[in-house]
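Notes follow once the structure below has been shown.
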Amino acid sequence: MKLTYYGHSCFALEEKGVTLLFDPFLSGNPKAPVKPDQVKANYILVSHAHGDHLGDTVDIAKRNHALVIATHEVANLVGGQGAESHGMHIGGKRSFDFGYVRIAPAFHGSGVEGGHACGFIVKFFGKVVYHAGDTGLFGDMKLLAELEKIDVALLPIGDNYTMGIGDAAVAARFLGAPLVVPMHYNTFPVIQANPLEFKNKVESEQKGTEVRVVSPGETTAI
Ligand code: NI
Ligand code: MN
């Protein structure tokens, strides 16, 4: 299946004509390789309502008749702006036509009153993909690895707002995913990080883990 990186924390998963988009922050992203009207989506998963994650969700959802999946408060926010949405919450799991979504915790602000930021574990056809959202390192990533056999982990490495390289390397070890893709770095000066430093650290410390640095606009097979 195809994994496309649109910069920051935005990725598209594509398989069997279904496109699932994570955190589509494009129009305000200086590194975005495409405009919001150039992306397709059937589903949009939004980890929290900070502008660099909620981004162009409502526009893209409306134009594509895509379903937004998020925590209840974020789903209500986009629902109130005319997008079709489905609210879930941490610990909940639900089936969709591509597989299922499990809402994972994330230690971060939600960007909406009374809400909670989250990560997503998505069974997308044959693969289990974990998008960590914005989060600090937490020990229950080990529990996530016990609950799900994660094939691909998308982890923030930019520090300041989220895990930096050192903590993200620990996260990669806790999760045990054979493939890790870094995100949430180099979009702005405050989150400068060298993804090759992350790659070298993880690959030298953990046998059997590949870190794949994907450039904005690049598609990789997973
Ligand atoms: Ni955030
Ligand atoms: Mn962020």
Side-chain angles (χ1 to χ4, degrees), residues 3-13 20-34 36 39 41 44-61 68-78 81 85 87-90 101 103-122 129-138 140-141 144 153-169 171-172 175 180-195 198 213-217:
L3 177 74
T4 300
Y5 187 41
Y6 290 121
H8 206 55
S9 297
C10 182
F11 291 86
L13 273 175
L20 188 151
L21 198 59
F22 293 99
D23 286 356
F25 168 57
L26 300 171
S27 57
N29 178 358
K31 301 278 173 67
V34 290
V39 295
I44 305 175
L45 275 56
V46 182
S47 64
H48 62 296
H50 288 159
D52 59 319
H53 297 261
L54 183 62
D56 304 288
T57 295
V58 172
D59 286 353
I60 297 169
V68 178
I69 301 170
T71 54
H72 174 75
E73 292 79 7
V74 177
N76 273 357
L77 178 74
V78 301
Q81 294 173 25
S85 67
M88 296 178 64
H89 238 299
I90 292 165
V101 172
I103 305 288
F107 287 83
H108 192 75
S110 72
V112 60
E113 205 177 318
H116 204 301
C118 75
F120 297 101
I121 296 179
V122 180
V129 178
Y130 171 50
H131 185 293
D134 276 359
T135 189
L137 176 64
F138 57 93
D140 277 350
M141 285 182 180
L144 299 180
L154 312 175
L155 301 179
I157 64 160
D159 224 331
N160 194 77
Y161 302 111
T162 67
M163 299 185 282
I165 286 172
D167 285 6
L175 293 161
V180 174
V181 179
M183 64 177 181
H184 209 271
Y185 65 94
N186 291 354
T187 317
F188 309 110
V190 74
I191 56 170
Q192 288 298 318
N194 181 352
F198 176 63
V213 177
V214 186
S215 303

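Order of appearance sets the numbers: ligands from 1, and atoms from 1 within every ligand. Computed from a prediction, not measured in an experiment: that's the story for all the values here.
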Inset, instruction - Please state whether the separation between the Mn ion (ligand 2) and some N/O/S atom of His53 is under 2.8 Å? - result: yes
Legend entry - Approximate separation, where rounding is to 0.5 Å, of Met88 CE and Leu45 CG: 8.5 Å
Legend entry - Atom of Asp52 closest to the Mn ion (ligand 2), considering N, O or S atoms: OD2
Inset, instruction - Could you label the plane-to-plane angle of the His108 and His50 rings as parallel, tilted or perpendicular, counting under 30° as parallel and over 60° as perpendicular? - result: perpendicular
Legend entry - His53 ring center near Phe25 ring center (under 6.0 Å): no
Inset, instruction - Give the name of the N/O/S atom in His50 that lies closest to the Ni ion (ligand 1). - result: ND1
Inset, instruction - For the Ni ion (ligand 1), decide whether Asp52 has an N, O or S atom at a distance under 2.8 Å. - result: no
Inset, instruction - Measure from the Ni ion (ligand 1) to every N/O/S atom of Asp134 and report the name of the nearest one. - result: OD2
Legend entry - N, O or S from His50 under 2.8 Å to the Mn ion (ligand 2): no
Inset, instruction - Look up atom OG1 in Thr162 and atom CZ in Phe107, then write down how far apart they are to the nearest 0.5 Å. - result: 14.5 Å
Legend entry - Name of the Asp134 atom (N/O/S only) found closest to the Mn ion (ligand 2): OD2
Inset, instruction - Rounded to the nearest 10 degrees, what's the angle NE2 of His108 makes with NE2 of His48 at the Ni ion (ligand 1)? Could you check? - result: 100°
Inset, instruction - Over 60° means perpendicular and under 30° means parallel, so classify the ring planes of Phe22 and His131, tilted if in between. - result: parallel
Inset, instruction - Could you tell me whether Tyr161 atom OH has more than 12 heavy atoms of other residues or ligands within 6.0 Å of it? - result: no
